[in-house]
Amino acid sequence: MTNTQIAELLRQVAASYSIQDERKYYFQIVAYQKAADSIEKSTSQISDLTKEGKLNELSGIGASIKGHLEELAKTGRVKHFDEILSKVPKSVFPLLKVPSLGPKKAYKLVTAFNLKDPNTVIEDLASIAKDGKIATLENFGEKSQSDILRAIGEYGKGAGKTTRMLISFADELAEKLITYLKKSPDIKQAFPLGSLRRKLPTVGDIDIAVATASPQKAIDYFANYPYKDRIIEKGIASASILTTGGHQVDLMTQPVKGFGSLLQHFTGSKHHNVHLREIALKMGLSLSEKGIKDKKTEKVKMYETEEEFYSALKMQWIPPEMREDTGEIELAQKKMLPKLIELQDMKADFHIHSDYPLDPSHDLGHNTMEEMLKKAKELGYSYLGFSEHNPSISNHTKGQIYAILKKRKEKIEHLKESTKNIRIVNLLEVDILTNGELAIDDKCFEYLDGVIVSIHSVLKMDKDQMTKRVLNGLSHPKAKILAHPTGRLFNERPGYELDFDKVFSFCRENNKALEVNSWPERTDLPYDLIRQAVDNGIKLVIDTDSHATTHMDLMKYGIWNARRGWAKKSDVLNTLEYNEFIHWLNK
DNA sequence: GCCGTTTTCGGCCCGACTGTTTTCAGTCG
């Protein structure tokens, strides 16, 4: 079973407990939900962790759930789960995916109308709603009926939070909304928060915080956004809309005096906030978006900045990218948070495809080397690495490939002499073939300073074979960087599997670096592997993999992802001076 | 069911909004 499937199973157990007796099982429900969240977020496969006996390493998994998961791995089922799940009809569970339906409503609907088939329950409910039968049910009315019908329709279309946006897309969408909001005289400040501020690679909805003295006017103005499809909800302090593009936007307001608390609250993550509130409780305090309440006096103190808010809890301000409750709070209490890498720290980009005509195995860039260099200078870099794909091996003889690379080297040498204000590294992106050999032979390395290696074909290989293939490719002394190490592409493919324990130890022992590819579709390494790499002392390079000058602006996405992986300046080779990098390349 | 710089027992985050109700349950983040 995949992590997603296991997480869903645990959520079904939680839902079943809710339906049976929410009060009695409250803490079990919360525990199962926490465990599900934890499993869903983990990129280690639960099946692997179970085999290795490492399930305890995931927060929220204790002795009991660990035992259940081991039983699941061994026998394919869990007696305890089966017993709990058998208390409610199976057709309840698909309905939980429909927005606005939770365990209680789903159960009422399923039992009231005797909906038994989990495969058709959503359509069946829609036709019952169309017949006007839901409105007659106790605690349901006309409005609930039409809401359910619409929710099913939107769910079917993937509107709202059911499909996640790439952060690059969400970033632009939020920018448009912020521009609109700032035109209102009643809105003093407006910031995108939530997972967008925490820089997750994909974002479910857009969260915006607004500082205002007249919340009602600000909310009315927001609800009149010209590109809205409908208002989802609208109250005195917050509102939600669905845009014409089918994306959900949530807005929350606070007065300027309390804006810091709102920023903190609405940035999340949920787990980070829950943990902070548990700490606050022990200090006799209670946290909310309004501020910090003293439990004795019931007085709420407001905070204009996040720094003051965190300081009141006796901890350092925590960078949003770290707020996932994975150890950052404990470090902030000890005032030992790492200083994360920043865009300004970058002195180079190593993964650049120019239009130099070497008849490559994959796509060529669109701009000349000179144009790429000019752009690099504009970005404030002091050097740049060219790394076009290797010449295609099916279209050329070995001799032809030598000649192409020799000529390219001459071009680069000429550029090095004629270009005074920026330095150049002569790299190449080389395919690792199916058998683990590189797509160029040893003689080619005379014409190169070093190479980036990567996988571009035959992605379906089992984990052990793929790991051998990659490590074999990396074992050449001049192969220094592994590009887009997992090969994942959002909304396209999950990537191939690698044994990262082996990859990390190989890189550490042989002085190799792993790439953080900045393309929003890739963000590869994924951030949790970045964090493991950093913990293992592996050096990273953050690259744009540019095929045009405009792509060189994508660096910020790589930086964001690296920050989510807790990478510091010292972990990233792009922050080295030219001479230091060349020294590393030749080590 | 999980967890530990008050604890291996006794705690466990907080508030907004909606619809269906006459004071609240359900859902969401």
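Chain A is the first sequence line, chain B the second, and so forth, proteins listed ahead of strands; every chain is numbered from 1. Worth knowing before you read on, the calculation uses all heavy atoms, side chains too, and leaves out hydrogens, waters and symmetry mates.
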In whole angstrom, what separates [X]'s [atom1] from [N]'s [atom2]?
X        : N      : atom1 : atom2 : result
A/Gln254 : B/dC14 : CD    : P     : 16 Å
A/Lys143 : B/dG26 : NZ    : P     : 19 Å
A/Asn273 : B/dC28 : CG    : P     : 19 Å
A/His271 : B/dC13 : NE2   : P     : 12 Å
A/Lys108 : B/dC24 : NZ    : P     : 16 Å
A/Lys290 : B/dC13 : NZ    : P     : 19 Å
A/Asp325 : B/dC3  : CG    : P     : 11 Å
A/Ile39  : B/dC2  : CD1   : P     : 11 Å

Can you list, in residue-number order, the parts of [range] that come under 4.0 Å of DNA chain B, counting heavy atoms only?
range                       : result
residues 4-32 of chain A    : A/Phe27, A/Gln28, A/Ala31, A/Tyr32
residues 76-85 of chain A   : A/His80
residues 219-252 of chain A : A/Glu233, A/Lys234, A/Gly235, A/Ile236, A/Ala237, A/Ser238
residues 132-140 of chain A : A/Asn139, A/Phe140

Qualifying residue for side chain to side chain contact (heavy atoms under 4.5 Å, CB included) with A/Ser91, from A/Asn114, A/Val110, A/Thr120: A/Val110

Identified side chain to side chain contact (heavy atoms under 4.5 Å, CB included) counterpart of A/Val516 within the set A/Thr523, A/Ile542, A/Leu529: A/Ile542

So, is [X] close to the [N] phosphate, meaning a side-chain N or O under 4.0 Å from OP1 or OP2?
X        : N      : value
A/Ser64  : B/dG1  : yes
A/Lys105 : B/dG26 : no
A/Ser144 : B/dT20 : yes
A/Ser100 : B/dT27 : no

Please give the distance between the [atom1] atoms of [N] and [M] as a whole number of Å.
N      : M      : atom1 : answer
B/dG11 : B/dT6  : C1'   : 11 Å
B/dA25 : B/dT21 : C1'   : 10 Å
B/dT27 : B/dT20 : C1'   : 14 Å
B/dT23 : B/dC13 : C1'   : 24 Å
B/dC2  : B/dT8  : C1'   : 12 Å
B/dG10 : B/dG15 : C1'   : 26 Å
B/dC12 : B/dT7  : P     : 16 Å

Is a donor on one side and an acceptor on the other found under 3.5 Å between the side chain of A/Gln316 and the backbone of A/Met336? yes

Which atom of [X] lies closest to which atom of [Y], heavy atoms considered:
X        : Y        : answer
A/Lys228 : A/Ile241 : CB-CD1, 4.0 Å
A/Leu200 : A/Ile167 : O-CD1, 3.2 Å
A/Ala170 : A/Leu196 : O-CD2, 3.9 Å
A/His68  : A/Val78  : O-CG2, 3.3 Å

Which nucleotide in the list B/dC3, B/dG15, B/dG1 gets nearest to the side chain of A/Ser59? B/dC3

Sort and list the pairs that fulfil side chain to side chain donor-acceptor pair (under 3.5 Å) and have at least one residue in residues 26-41 of chain A, not counting sequence neighbours. A/Arg11-A/Asp37, A/Arg11-A/Glu40, A/Asp37-A/His271

Verify whether one side chain among A/Asn273 and A/Gln264 offers a donor that lies under 3.5 Å from an acceptor in the other. yes

Parallel, tilted or perpendicular, judged at 30° and 60°: which one describes the rings of A/Tyr557 and A/Trp560? perpendicular

Can you label the angle between the A/Tyr17 ring and the A/Tyr25 ring as parallel, tilted or perpendicular, going by 30° and 60°? tilted

Base paired to B/dT8 (Watson-Crick or G-U; both N/O distances under 3.5 angstrom): none

Checking all strands, does [X] fall into the base, sugar-phosphate, or nothing category for heavy-atom contacts under 4.0 angstrom?
X        : value
A/Glu289 : sugar-phosphate
A/Ala63  : sugar-phosphate
A/Glu330 : nothing
A/Ile61  : sugar-phosphate
A/Asp147 : sugar-phosphate

Gap separating the OG1 atom of A/Thr4 from the CD1 atom of A/Ile46, nearest 0.5 angstrom: 10.5 Å

Look up atom CD in A/Glu289 and atom CE in A/Met252, then write down how far apart they are to the nearest 0.5 Å. 4.0 Å

Does the pair A/Glu278/A/Lys282 count as a salt bridge with the N-to-O cut at 4.0 Å? no

Is it true that A/Arg531 and A/Asp528 make a salt bridge, defined as a side-chain N closer than 4.0 Å to a carboxylate O? no

CA sep, side-chain torsions, deciding dist, call: A/Trp519, A/Asp524, side chain to side chain contact (heavy atoms under 4.5 Å, CB included): CA-CA 8 Å; A/Trp519 277 91; A/Asp524 180 12; over 6 Å; no

What verdict does the side-chain hydrogen bond (donor to acceptor under 3.5 Å, both in side chains) test give for A/Gln5 and A/Thr2, after you've listed the backbone C-alpha separation in whole Å, the side-chain angles of each residue and the deciding distance to 0.1 Å? CA-CA 5 Å; A/Gln5 288 168 328; A/Thr2 65; 3.3 Å; yes

Using side-chain hydrogen bond (donor to acceptor under 3.5 Å, both in side chains), reason through A/Gln20 and A/Ser16 one step at a time and then give a plain yes or no. CA-CA 6 Å; A/Gln20 287 175 58; A/Ser16 185; 3.2 Å; yes

On DNA chain B, more 5' by nearest nucleotide between A/Ile65 and A/Lys34 is A/Ile65

Review item, nucleotides 4-9 of chain B N/O atoms under 3.5 Å of protein N/O:
{"from": "B/dT7", "atom 1": "O4", "to": "A/Lys282", "atom 2": "NZ", "distance (Å)": "3.3"}

